[in-house]
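Data first, discussion second: the structure below is written as structure tokens.
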Amino acid sequence: MDTAILLEYGWVLIVLVVLEGLLAADNAVVLAVMVKHLEPKQRQKALFYGLLGAFVFRMVAVLMLVWLVQWWWVQAIGALYLLYVSISHILAFFKKNDHSTEDLIEKEKKKKHSGFWMTVLKVEIADIAFAIDSILAAAAIALALPHIGGDFFGINVGQYTVMVVGGLIGVIIMRFFANWFVKILDKKPGLEVAAFTIVGWVGIKLAVLTLAHPDLGVIPEDFPHSTIWKAIFWSVMVIIILVGWFSDKFKTNKAA
């Protein structure tokens, strides 16, 4: 197998780990606050059901993508959804209405608390939204990878494997590493903006895949797989991450 292809797959998996980690940290904070009003034992059960739901819905989302991403209009809806998620979260962040722990706790204090099963239901609904975000982002990145192996119901096995791994990574991070990512976001809040900017950039990538779909043919079919587009995509991705990482340092220096 071509070493360049293996390196590209490895790079994509690294990017997915970082992206899924940042998104999972935000998701984990939301879930933790949603169950905060419950008794400790019930809280643990609700979080267990939430993590179980996160795993199930991500796997269902992957299986559905096997069928759905073959249609250009589904890819178009996915691109628009990712752009909506990106823009809405970034606007909320700058309006100080983002899902920070303090804001969510304050909002929860003002709400009438739900019972155990109603809380579990709300957690599962949140899981569905998180699964859609996660899998669409993984799919947008994976579908532009070179083909490895045969097809699985119309989707390349290599690309499908990356989507499955992306979904599993999201669940694993929510279970074991979310608190670590939350601490990073507390120290580097600019990374949260960067994460959702990346979601929007991935949405643009999915839009490019849509425009290159054989049934549309707006742009050449091989363009999303071309060296020039991959260079543009990954260069912008790196720039977004670097700006997100160093933006807080710049603010600190100015304040000093």
Side-chain angles (χ1 to χ4, degrees), residues 2 4-20 23 58-89 129-167 169-170 194-241:
D2 192 341
I5 293 178
L6 288 177
L7 289 174
E8 186 172 356
Y9 267 78
W11 169 246
V12 165
L13 286 176
I14 291 172
V15 170
L16 280 178
V17 169
V18 175
L19 181 58
E20 291 286 351
L23 293 176
R58 272 170 171 76
M59 292 304 99
V60 170
V62 170
L63 291 173
M64 288 180 64
L65 277 173
V66 170
W67 303 95
L68 296 181
V69 296
Q70 299 177 54
W71 297 317
W72 69 265
W73 56 270
V74 175
Q75 293 183 3
I77 292 173
L80 291 173
Y81 177 76
L82 288 177
L83 287 168
Y84 165 75
V85 169
S86 173
I87 294 170
S88 61
H89 276 79
F130 298 156
I132 293 172
D133 296 351
S134 171
I135 296 302
L136 277 176
I141 295 176
L143 289 175
L145 285 168
H147 286 200
I148 293 181
D151 284 350
F152 180 74
F153 292 101
I155 289 187
N156 177 255
V157 170
Q159 296 175 346
Y160 180 71
T161 301
V162 170
M163 285 188 275
V164 173
V165 172
I169 287 172
F196 286 105
T197 302
I198 290 173
V199 170
W201 182 232
V202 169
I204 291 175
K205 182 174 186 178
L206 191 54
V208 169
L209 285 167
T210 303
L211 295 174
H213 195 282
D215 292 340
L216 282 183
V218 176
I219 60 177
E221 187 177 350
D222 60 347
F223 178 74
H225 310 281
S226 65
T227 302
I228 186 171
W229 169 243
K230 289 180 180 179
I232 292 171
F233 178 79
W234 292 115
S235 296
V236 172
M237 180 83 81
V238 170
I239 290 171
I240 293 171
I241 294 172

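Note that these values count all heavy atoms, side chains included, but never hydrogens, waters or copies made by symmetry.
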Which heavy-atom pair separates [X] from [Y] by the least distance, and what is that distance?
X	Y	value
His225	Lys230	O-CE, 3.5 Å
Pro220	Ala212	O-CB, 3.5 Å
Gly150	Asn156	O-ND2, 3.3 Å

Can you tell me how far apart [atom1] ([X]) and [atom2] ([Y]) are? Round to the nearest 0.5 Å.
X	Y	atom1	atom2	value
Asp215	Glu221	CG	CD	9.5 Å
Met237	Trp11	CE	CH2	8.0 Å
Trp72	Leu211	CH2	CG	9.5 Å
Ile241	Ile198	CD1	CD1	4.5 Å
Thr161	Leu13	OG1	CG	9.5 Å
Thr210	Ile77	OG1	CD1	10.0 Å

Around atom CG of Leu7, are there more than 12 heavy atoms from other residues, nucleotides or ligands closer than 6.0 Å?
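Yes, the 6.0 Å shell around CG holds more than 12 heavy atoms from other groups.
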Determine whether more than 12 heavy atoms belonging to other residues, nucleotides or ligands lie under 6.0 Å from atom CH2 of Trp234.
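Counting other residues, nucleotides and ligands, CH2 of Trp234 exceeds 12 neighbours.
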If we only count heavy atoms from C-beta on, is the Ile148 to Val157 side-chain gap below 4.5 Å?
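With C-beta onward as the side chain, the pair stays apart.
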Heavy-atom side-chain contact between Val164 and Tyr160 under 4.5 Å:
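The answer is yes; the side chains approach within 4.5 Å.
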For the pair Ser86 (side chain) and Leu82 (backbone), establish whether a donor and an acceptor sit closer than 3.5 Å, ignoring hydrogens and angles.
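Between the backbone of Leu82 and the side chain of Ser86 there is no qualifying donor-acceptor contact (under 3.5 Å).
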Using atom types as modelled and distance alone, determine if a side-chain donor or acceptor of Tyr9 lies under 3.5 Å from a backbone N or O of Pro146.
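Looks like yes, one N/O pair under 3.5 Å.
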Any idea how Phe233 and Trp201 line up, ring-wise: parallel (<30°), tilted (30 to 60°), or perpendicular (>60°)?
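Aromatic pair Phe233/Trp201 classed parallel.
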Between Phe223 and Trp229, what is the ring plane arrangement, given parallel below 30°, perpendicular above 60°, and tilted in between?
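If you compare the ring of Phe223 with that of Trp229, the planes turn out tilted.
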